[in-house]
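One structure is given here, and the rest of the page talks about it.
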Amino acid sequence: MDKTFDAAAAEPDLYARWEASGCFAAGANARDGAETYCIVIPPPNVTGSLHIGHALNNTLQDVLIRWKRMQGFDVLWQPGQDHAGIATQMVVERALAAEGNAGRREMGRDAFVRRVWQQKQESGGTIIGQLRRLGASLDWSRNAFTMSGAPGAPEGEEGNFHDAVLRVFVELYKAGLIYRDKRLVNWDPVFETAISDLEVEQVEEKGKLWRFRYPLADGASYEHPVEFDEDGEATAWETRDYLVVATTRPETMLGDTGVAVHPEDHRYAGLVGTDAILPLVGRRLKIVADDYADPEKGTGAVKMTPAHDFNDFEVGKRQGLRSINIMTPRAAMFLQENADFHFGCEPTPEAMALEGLDRYEARAKLVEVAEAQGWLDGIDEETHVVPHGDRSKAAVEPYLTDQWFVDAKTLAKEAIAAVREGETVFHPKSWEKTYFQWLENIEPWCVSRQLWWGHQVPVWYGPDGHAFCEMTEAAAAAAARAHYGEDRPLKRDEDVLDTWFSSGLWPMGTLGWPGETPELARYYPGGVLVTGFDIIFFWVARMMMFGCHFMKDEAGKPVVPFKDVYVHALVRAEDGKKMSKSVGNVIDPLDLIDEYGADAMRFTLVSMAAMGRDIKLATSRVAGYRNFSTKLWNAARFGELNECKPVEGFDPAAVSQPLNRWIVGETGRLRAAVDAALEAYRFNDAASALYGDVWGVFCDWYVELSKPLLSGDDAAARDETRATLAWALDARLKLLHPFMPFVTEALWEQPAARPAMLAVTDWPEIGP
RNA sequence: GGGCGCGUAGCUCAGUGGGAGAGCACUUCGUUGACAUCGAAGGGGUCGCUGGUUCAAUCCCAGCCGCGCCCACCA
C-alpha cells in the first residue's frame, strides 16, 4: 500500500465501478420484505452547476441513503433536474446576446423554445457529472426532468411530467381552485412577466419623499393648521387652495384617481367629498375618507394610484376609484394611445412629453416640471424598502393584468393539518412555526408567467373570450363545440406556469404520477426531504399542498409526500457573508474536491451540519479531515503490514485478550452512537463520534497496544489480535462509508478479495 | 411592526444542570518500523452583560447590549 490515498486518481474510478455494478439502483442490497426508504433530490436547475449548498444538501442525503442501503432497506434516491423557467430563459437570452444572435422576440416562440431545449441537452449533464464527483449514490437510471414530455420536447425527453402538470391544472380549475383574475401583480419589467410574492425581494434604498400641491377643484379652499401649542392644539392656520400629498414615486401621479385622508383627521374633514385637480392632467381626484390614510405619515393626505400600488388598489376598490394603468410592460410611460389616461381630462403638453420615457426618467422630469410650475412643496431624504425581482434585480412594478391564480388558502388547509397532526415532522421542529405562519397567512398564488420556457397553460379561448380548460386541444375543441353548439376557432393562452408549480409535483411526478406506477405505490410517501430553509415556502409548502390534495388513501385521507423534513443550514463564506460571485468569496466545492478529495469535503460539511441557521465554511477544516482520511488509510496499512486479514466466521464475542475484548465493546458503542445520531438527524454528532473513535480510540490506543501482541511470542494471542484488528477495522470502514465512501471503499478491497462492494455490504450488527 | 437565530480559545465551530472541548493557528520536543497529510507535551477562554431559579448555571428563566436572517410596510 502507498502511504496516502490518492483521492483525485481513485475517486472517479470507484464511482464508475459502483454505477456499473448497479449499487445505486432502487432496491440494491434490499433484504427480503424490506421497508422502503425514498428520498427525492431537490432538483437543481438544469443549467446550473454544483455550488457549496448543493454539496452540503446532497452529502447529507447521500449519508442517509448509503446508511439505509447498508441497513438493508429498499432504498431509492431519485435524481432529476428542474427546468427553472425564468432562470433558464434568462441564461439562454444572455447567451444569445453574447453570441450576437437575434433575441428571443426576433426568433419567435417555437425557435426560442427549441434553442432552450438545445441548451438543456448541452449543459444539463454538467451538474449530474458534478454530483457523481461528490459521490452521490443516486439511481441515475431514473433521472427525471420537470419538463419531460412537454410539446416540442426533443427525442430523449419523453416522460410524464407535462401530463402531471396538465392534470393538476385542469383538476384544480374544474374544482374552482385555479381561476383567472384581473388584479395587481408584481411585474418584472425586465423579463416582462408577472412574478409571485415570493420572488420579490425587499431592498433598502436611499430615496426621496416629494411633496406636491394638488389644487382644490372649483376654487375651494380650507384652513390648514401651521402652528401648535404644547398640547398639540393648533394655534395658527393658513388658508390653502391646494392639498399637499407626499409620494416616493412621482411618476405614478399620472395614474392618480383620488386622494385619501383619514376619516377622523379633522384637518381635512371639510374636504371629504370634494375634488382635487391632478396637475398637468386636469383629472378630478375624489377626496375620500379611508382608514388606510395615516394622519402621522407624510402629510396625512395620500394620493391614490390604484393601478400602481397594492394599498391604493384596495382603497380604490373600497372607495370606487378608477384604476388607470399608465405604463407599458417595460415600465415606460404609456400615454398617447391610452384612452383611460385621457378619459374626462385634457393633459398638458408637459404631461404628454413624458410619453415613452422610462419610469425613472419620467420621475426626474416630473419633479423638474413641478418645481418650475411651483407645485413642488418640498423634498425629504428618506430610506425605504423597494421590492425587486429576485432574478432581474430590477424594481418590480405593481401592474394591473389578467393572471392565473391558485387558491392557496384552500389548498393550505390540508397541508397545515398534516403537519399539525404529525404526518410530516420538521427537524428541527422549530421550522414548523415558520411553515404555519406562512401558510396561515397565504395569499392567492400567481402562477402564470409571460415567459416562453415552461409548461403552457392548458386553456383555450373562444372568440368571445370564453375559456376552455382541458388536457388537450382536441378536448378543448370538443368542450367548445358543446358550449357554442358548433365549431369555433380557439386560441390558446400564451402564458406558462411558475416553475414551482411543476416542482411542487416532484415527489409524485418522479414516481410516475399521474400514472399508477409500481414505483408510486412502492416509494410514495418518501422517508425524508432534505432541504435548505430558503425554499420552505417556494417548494416544501407547495409539495405539501399538492401532495395532500392529489394523493389520498382508501379512506380519502391526504397522504403527505414525505414523513420528515430535515432543514439544514445554509453555507456561507468564512467571514459570514453570503457567497456571491460579485463579492468574489465563492468557494467552489469542486475545487475543494480536487484539492482534498470528496471524502474530506463531505466529512467537513457533515461535521458542520448542526441544526443551526448557517455554516461559515473554513477551508482549514477540510484539510484537517483530509488528514483524518489519511490516518484511517495508515491504520489499514498497519493492518496489512501485520498480516491482519478478515477471518471467515470470526466471532467478536469470543475473543479472549482483554485488549481485543475492549475494542469489540468500543466498536459496538460506536455503531450505536452513529445510528442514534443519524436517526435524530444529528449528523455532526455522528461525524464527531466517528472521528473521535477512529483517531482517539482505534489508532491512538488499540493500534498502539496491539503492537506487542502482534510481535509477541504468543501465537494464539497474535492470531486473535490479527483477526480482531481486521474485524474492527472493517466495522469502522462500514460505519464511515456513508460519510467517506471513496476511501472506505478503496480500503475495503485492500486486505482481501471481497464478494461485494462496501456500498452494498451490511451494516455492522454488533451492539454495545 | 411580526417571527426566528446567533454571541464559547487568535480564527471557524461543537457541547453539556456538576470535569470547558474539536479543527486550524501558536510554543517545545521527537523522523530507520502504520501515518511528517505524523507523534508527544504545552500555552491560550470571568462560555456577550446583568439579575433570577438551583446545593450547583456556559447550559434553565427574565431583562439588556451587539450581530444576522425571514415575513409584512414604496405617502
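These figures come from a predicted structure and were not determined experimentally. Computation of the quantities below employed the complete heavy-atom set of this structure, encompassing side-chain atoms and omitting hydrogens, waters and symmetry-equivalent molecules. So you know, we letter chains A, B, ... as the sequences are listed, proteins then strands, and number each from 1.
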Paired stems touching RNA chain B, three or more consecutive Watson-Crick or G-U pairs with both distances under 3.5 Å?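 B:1-7 with B:65-71, B:10-13 with B:21-24, B:26-30 with B:38-42, B:48-52 with B:60-64 - these are the stems of 3 or more pairs that involve RNA chain B.
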Can you figure out which of A34(B), A75(B), G3(B) approaches the side chain of Lys297(A) most closely?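 Of all the options, the side chain of Lys297(A) is nearest to A75(B).
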By nearest atom, which of the nucleotides G2(B), C69(B), A34(B) is closest to the Gln437(A) side chain?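 Closest nucleotide among those given: G2(B).
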Leu733(A) CG to Thr744(A) OG1 distance, which is reported to the nearest 0.5 Å: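 These two atoms lie 6.5 Å from each other.
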Interatomic distance where [atom1] belongs to [X] and [atom2] belongs to [N] [whole Å]:
{"X": "Asp685(A)", "N": "A14(B)", "atom1": "CG", "atom2": "P", "value": "11 Å"}
{"X": "Phe538(A)", "N": "C70(B)", "atom1": "CZ", "atom2": "P", "value": "11 Å"}
{"X": "Glu201(A)", "N": "C71(B)", "atom1": "CD", "atom2": "P", "value": "8 Å"}
{"X": "Lys707(A)", "N": "A34(B)", "atom1": "NZ", "atom2": "P", "value": "4 Å"}
{"X": "Glu432(A)", "N": "C70(B)", "atom1": "CD", "atom2": "P", "value": "22 Å"}
{"X": "His568(A)", "N": "G5(B)", "atom1": "NE2", "atom2": "C1'", "value": "17 Å"}
{"X": "Glu296(A)", "N": "G1(B)", "atom1": "CD", "atom2": "C1'", "value": "16 Å"}
{"X": "Lys303(A)", "N": "A75(B)", "atom1": "NZ", "atom2": "P", "value": "11 Å"}

Classify [X] by what it touches in the nucleic acid, base, sugar-phosphate, or nothing, heavy-atom distance under 4.0 Å.
{"X": "Phe212(A)", "answer": "nothing"}
{"X": "Ala260(A)", "answer": "nothing"}
{"X": "Val245(A)", "answer": "nothing"}
{"X": "Asp294(A)", "answer": "base"}

Decide side chain to side chain donor-acceptor pair (under 3.5 Å) for Tyr222(A) and His224(A); before the verdict, give the C-alpha distance in whole Å, the side-chain angles of both, and the deciding distance to 0.1 Å. CA-CA 6 Å; Tyr222(A) 78 109; His224(A) 191 87; 2.8 Å; yes
Positive for side-chain hydrogen bond (donor to acceptor under 3.5 Å, both in side chains) with Arg211(A), one of Thr299(A), Asp380(A), Thr247(A):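 The passing option is Asp380(A).
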Hey, is the side chain of Glu704(A) pairing donor to acceptor with the base of A34(B) inside 3.5 Å?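 When only heavy-atom distances are counted, Glu704(A) does reach the base of A34(B) through a donor-acceptor pair under 3.5 Å.
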Could a donor-acceptor pair under 3.5 angstrom be found where the side chain of Tyr691(A) meets the base of A14(B)?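 No pair found.
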Taking atom types as modelled, find out whether Ser196(A) and Glu199(A) have a side-chain donor-acceptor pair closer than 3.5 angstrom.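 Yes, Glu199(A) and Ser196(A) have a side-chain donor paired with an acceptor closer than 3.5 Å.
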With distance as the sole criterion, is a donor-acceptor pair present between the side chains of His384(A) and Glu382(A) under 3.5 Å?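 The criterion, which ignores hydrogens and geometry beyond distance, is satisfied for Glu382(A) and His384(A).
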Rounded [atom1] spacing from [N] to [M] in Å:
{"N": "A9(B)", "M": "U46(B)", "atom1": "C1'", "result": "14 Å"}
{"N": "U54(B)", "M": "C11(B)", "atom1": "P", "result": "37 Å"}
{"N": "C69(B)", "M": "G30(B)", "atom1": "C1'", "result": "49 Å"}
{"N": "A14(B)", "M": "U8(B)", "atom1": "P", "result": "10 Å"}
{"N": "G21(B)", "M": "U32(B)", "atom1": "C1'", "result": "36 Å"}
{"N": "A72(B)", "M": "U58(B)", "atom1": "P", "result": "40 Å"}
{"N": "G19(B)", "M": "C59(B)", "atom1": "C1'", "result": "15 Å"}
{"N": "G44(B)", "M": "A25(B)", "atom1": "C1'", "result": "12 Å"}

Between [X] and [Y], is NZ or CZ placed under 6.0 angstrom from the six-membered ring centre and within 45° of the ring axis?
{"X": "Arg542(A)", "Y": "Trp445(A)", "result": "yes"}
{"X": "Arg420(A)", "Y": "Phe436(A)", "result": "yes"}
{"X": "Arg183(A)", "Y": "Phe405(A)", "result": "yes"}

Which atom pairs link the protein and nucleotides 36-41 of chain B when you take only N or O atoms and keep those under 3.5 Å?
unit_1, atom_1, unit_2, atom_2, d
U37(B), O4', Asn627(A), OD1, 3.4
U37(B), O2, Arg626(A), NE, 2.7
U37(B), O2, Thr630(A), OG1, 2.7
C38(B), OP1, Asn627(A), OD1, 3.4
C38(B), OP1, Asn627(A), ND2, 2.6
G39(B), OP1, Lys631(A), NZ, 3.2
G39(B), OP1, Trp695(A), NE1, 2.6

By nearest nucleotide on RNA chain B, pick out whichever of Arg637(A) and Val622(A) is the more 5' one.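 Taking each residue's closest nucleotide, the earlier one in sequence belongs to Val622(A).
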I want to confirm an ordering. Mapping Trp438(A) and Thr248(A) to their closest nucleotides on RNA chain B, which one lands closer to the 5' end?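 This one resolves to Trp438(A).
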Run the numbers on Ser629(A) and Asp599(A) for side chain to side chain donor-acceptor pair (under 3.5 Å), then give the verdict. CA-CA 8 Å; Ser629(A) 111; Asp599(A) 289 329; 5.5 Å; no
Using a cut-off of less than 4.0 Å, is there contact between a side-chain N or O of Arg682(A) and OP1 or OP2 of A14(B)?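 For A14(B), OP1/OP2 do not have a side-chain N/O of Arg682(A) under 4.0 Å.
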Looking only at the aromatic ring of each residue, does the gap between the centers of Phe742(A) and Phe5(A) stay below 6.0 angstrom?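 Judged by ring-centre distance (under 6.0 Å), Phe5(A) and Phe742(A) do not meet the cut-off.
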Walk me through whether Tyr625(A) and Tyr691(A) qualify under ring pair (Phe, Tyr, Trp, His ring centres under 6.0 Å). CA-CA 9 Å; Tyr625(A) 290 123; Tyr691(A) 185 94; 5.5 Å; yes
